[in-house]
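Below, all heavy atoms of this structure are taken into account, side chains as well, without hydrogens, waters or symmetry copies. Lettering follows sequence order; numbering is per chain, from 1. Everything numeric here is computed off the predicted structure, so don't read it as measured data.
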Amino acid sequence: MKLPKTYTPSEYETDIYALWEKTEAFKPTGKGEPFTIVLPPPNANAPLHIGHALDFSLKDIIARYQRAKGSDVLVLPGADHAGFETQVVYEKHLAADGKSRFDFKREELYAQIWDFVQENKGVFESQMRKFGTSADWSHFTFTLDDKVVHTAYSVFKRLWDDGLIYRGERLVNYCTEHRTGFADIEVKYEDQNTPLYYMKYGPFTLATTRPETKFGDTAVAVHPDDERYKEYVGKVITVDGIQGPFDIQVVADKMVDRNFGTGVVKITPAHDQNDWEVAQRHSLPAIRVINHDGTMNHRAGQFEGMPVKEARKAVVEALKEKELLVKVDENYQNRVGTCYKCGTVIEPMLMDQWFINMQKLAQPAIKALREKKIRFYPEAKRAQTIDYLKNVRDWNISRQIAWGIPIPAFQNVDDPDEWIFDENVSEEIIERDGKHYRRDPDVFDTWFSSGQWPYVTLGYPNSDDYKQRYPTTFMEMGVDILYQWGARMICLGLYTTGEVPFKDLYLHGMVRSEDGRKMSKSLGNVINPSEVLNEHGSDALRMGIVAGRSPGDSAAYSQAKIVAGRNFCNKLWNIARFVEGMLEGKSASAKHAKAISPADHWMLSKLQHTTEVLSSHLDEYRVSEAYDTVYHFIWDNFADWYVEASKSELNPDLLLYGLEEVLKLAHPFAPFVTETIWQTLDQTGNSILATERWDKVLSHDDKKVAEFEEIRTIVTETRTIVSAMQLEKTALYHAPGAAFLVQHANLIAALAHIEGVHEVEDGKGLHLTSTSQKCWLDVDRERAERYVKKLASDREGAEKRLQGLKKRLENKNYVKQAPKELVEETKQQVAETEQLIQNMDGEIARFRQT
RNA sequence: GGGUUGUUAGCUCAGCUGGCUAGAGCACCUCGUUUACACCGAGGGGGUCGGGGGUUCGAGUCCCUCACAACCCACCA
């Protein structure tokens, strides 16, 4: 035997992937409908996690299916420089050496991280191969490739020229630890216990969680309809502060909640989003009191240089001393924005940054979504995306970090308000028309480049790929990045190209840990895909991770499902071993295959049906159901019945044909094991399974199919009786003249594991009730009587069913309104059930006579 | 505060446009080593589909409502 007894994935997978690459199996064929999947660019800094396994498996199953169907498939791989994320990882390395990013100039840091990424880039590329991803590596794109950067720059310029990008002073979410701003969407909110301080403030008492920002207060606000404070609105009041009395004005604004605290709010426009908005409405000045490193500035007087937290305590103490503190609510719960990487409380800071006017970009996107230019899987995510876009705020794309695409904007050194666009970002100072301009030291938010991924990777605007393949066909991502990636791609895609970037958007849920909790490093319940790959193989991981998963919903990782996948691979392997053994020394050819026996016809009808069902599932991306379909066809039909039948009635050509078709159907799900087997088949020559097409299934005769169904019925009931009655060495008997039973005697005996099927004159014995063939088992009277008890209980069930069916037919509305076929089917079922009951009654009566 | 999803067998979950006796994997019980496979084969037990109401000839599937859970969004100082 060429094949060993069990399939050991690790012995074959690397070679098989190399074979695919060598034979360029994943290169687009140039024939058929273009089908394009742009892979999300995984971060170039870290190994892949289990979520990636799901991500790549879903996409690759679809890709391989489409290839088999004859589409011109391109799976385009890439990598993301992942600006902030990568820098954070690199900073950890620096910290291990006792260094900090602030020890280096930006250019130095950039160069170091570049080298670091080059070293680590290979890790995830090799992992993508291990997952079996059928990507065309010649299309590989990195987000720092010239073409990406250049396109990002030209889109930036166009947005600028169109007035959709502006530079302005706004409140920015700022992490004082990482010293960079973020977009709104990147802020992680947590419920925190923050004491609520009630302090005297001129004639008022007001409640605040942030007494330390009082040095930046430029107003006090009350609700316009609040009778308590009406007399103060519009007036200037004198407040007794820590550093002596000062004057401040009172404004009325509906933002104030009269029921919160005392109904009076201090307004600190430079450090609070709400206050900033109030300040806009009332033309109030903004005064910064916090530095970028998180300490108080000179405005805080004696508190200058203190970190915010310390300053808060000190200010409270000072308030106490001056008897300005009224009371403290220690148990107050508040939602606080934090840095999603380090947990540091996000400080809203007043900063000059580049913003994209998202409301303008969102309008065409909302329209396209409403017009269903993109199909959503699951559909419910469409409304959520529209809802998000309706409320989306301007997008801050400036980041104060080293690792990223430098922003191609230069500021006039003599006129801070004058900015010019220039791609010459390697220069710090450039000269234009005798004026000097300094480069913006910031870089783009990573998502500004990855938001352009579909058209950038395809070579917008002039390449053939772009012309033929944009919009791409199938986009797939985790629901967690729907807004920051999916929605932005739609907005930017429509803006730049006038078209949506993809036709179908599939969103997968999160892979939770086996106990149903979120996977996280801190909980220590993270599953490492590499370990799963090494232990059970790539195919097992693919099948185990997609099994029983529906789009959009999070579901737990299941070791048992991985093992089930592994077992399925072994099943395929052993089917192949069996076929190999059966055909040894014979010259079988799938090309000459033709159905002869009932089993042959039955197998072909199942194959036909499976192919159709499988296609309909995969056309709608129902991957889990598709896998279930293939799994049960191969295991329950092909292996358990057709392979077993082949032991009695061998049709070498068709058996080989069946194996090949089985391998083709299973290939999208289990590419490695199926290709490994394919390569051992002599007659497939030098062909590559990954590039094989699904052909039309050979035709079958329904009459013959019905005959095999009859055989299965007889076999199944025989097995049940044999098992229930613990019969040994038994045989099936029939009266003379039963041609069907005579013809299939050997097959039935073999499948039912009985001694034989014999013709006898004497009709004593336990008759089968589920078949119209008259046959019986030689069962002694005592055991037969026991079996009849079980039969009687089965009869009850059948009777109940019959009553239900009859009732349905007695209902005039059912007969009138239900589809004709359904009514016909019901009638047939009534007849069948009546026959069954009659047969059962016959047996019951016979064994109760004496 | 707004929104979305979920609640189906002991566990993890499928069930697409309403229509066979509601399924799978694992677990469980009985039997079995028949040379493809014990990562196996045969047989079996187990669910009033979260509660209540409605639409329909027919509801796990559609509508309403309640309860519980998870997630997302939002400017309560």
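Annotation: B:G47 and B:G2 have their C1' atoms spaced 36 Å apart (nearest Å). Nucleotides B:G46 and B:U33 place their C1' atoms 29 Å apart, quoted to the nearest Å. Atom name C1', nucleotides B:G60 and B:G50: the rounded distance is 12 Å, in whole Å. Between the P atoms of B:C71 and B:C66, the separation comes to 23 Å (whole Å). Of the C1' atoms belonging to B:C72 and B:C11, the separation is 28 Å, rounded to the nearest Å. Of the P atoms belonging to B:A69 and B:U56, the separation is 35 Å, rounded to the nearest Å.
One donor-acceptor pair, N or O on each side, does fall under 3.5 Å between the base of B:C37 and the side chain of A:K571. A donor-acceptor contact under 3.5 Å is formed by the side chain of A:R566 with the base of B:C39.
At a threshold of 4.0 angstrom between heavy atoms, the contacts of A:V815 with the nucleic acid are absent. Among the heavy atoms of the strands lying under 4.0 Å from A:Q726 are primed sugar atoms or P, OP1, OP2 only; no base atom is included.
Ion pairing between a basic and an acidic side chain is recognised when a charged N comes within 4.0 Å of a carboxylate O; A:E347 and A:R210 show such pairing. One finds no salt bridge joining A:R549 and A:D553 here, because no Lys/Arg side-chain nitrogen approaches an Asp/Glu carboxylate oxygen to under 4.0 Å.
Going from atom OH of A:Y189 over to atom C1' of B:C76 covers 13 Å, rounded to whole Å. Here the P atom of nucleotide B:C20 and the NZ atom of A:K827 are 19 Å apart, to the nearest Å.
Between A:F638 and A:F578, the ring centre distance reaches or exceeds 6.0 Å.
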Next item on the list: Could you walk me through whether A:K266 and A:T213 pass side-chain hydrogen bond (donor to acceptor under 3.5 Å, both in side chains), step by step?
Entry: CA-CA 9 Å; A:K266 69 186 194 65; A:T213 62; 2.8 Å; yes
Next item on the list: Evaluate salt bridge (Lys or Arg N to Asp or Glu O under 4.0 Å) for A:K214 paired with A:E212, printing each intermediate quantity in order.
Entry: CA-CA 5 Å; A:K214 71 193 295 288; A:E212 76 280 7; over 6 Å; no
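In RNA chain B, runs of at least 3 consecutive Watson-Crick or G-U pairs, each pair with both distances below 3.5 Å, span B:1-7 with B:67-73, B:10-13 with B:23-26, B:28-32 with B:40-44, B:50-54 with B:62-66.
Contact annotation: A:W635 reaches the phosphate of B:G41 (side-chain N/O to OP1 or OP2, under 4.0 Å). Contact between the side-chain N/O atoms of A:K647 and the OP1/OP2 oxygens of B:A36 is found at a separation under 4.0 Å. Residue A:N259 places no side-chain N or O under 4.0 Å from the OP1 or OP2 atom of B:C76.
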Margin query: Using a 4.0 Å heavy-atom cut-off to protein, can you give one letter per nucleotide of nucleotides 8-16 of chain B, 5' to 3': B if the base is in contact, S if only the sugar-phosphate is, - if neither?
Written below: ----BSSSB
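The local environment of NE2 in A:H609 is sparse, with at most 12 non-hydrogen atoms from other residues, nucleotides or ligands closer than 6.0 Å.
Using modelled atom types and a 3.5 Å distance limit, the side chains of A:R577 and A:N574 yield a donor-acceptor pair.
Within the 4.5 Å cutoff, the side chain of A:Q384 has no heavy atoms near those of the A:Y388 side chain.
For RNA chain B, the residues of residues 806-814 of chain A within the heavy-atom distance limit of 4.0 Å (strictly under) are A:R808, A:N811, A:N813, A:Y814, sorted by number.
Remark: side-chain polar atoms of A:T716 are paired, donor with acceptor, to backbone N or O of A:R712 under 3.5 angstrom. Listed for the A:Q359 side chain is a donor-acceptor partner under 3.5 Å among the backbone atoms of A:K390. Side-chain atoms of A:H508 never come within 3.5 Å of backbone atoms of A:P551 as a donor-acceptor pair (strictly under, hydrogens ignored).
Each of A:K807, A:E799, A:R801, A:K806 was evaluated against A:Q803; a single residue qualifies, A:E799, per the side chain to side chain donor-acceptor pair (under 3.5 Å) test.
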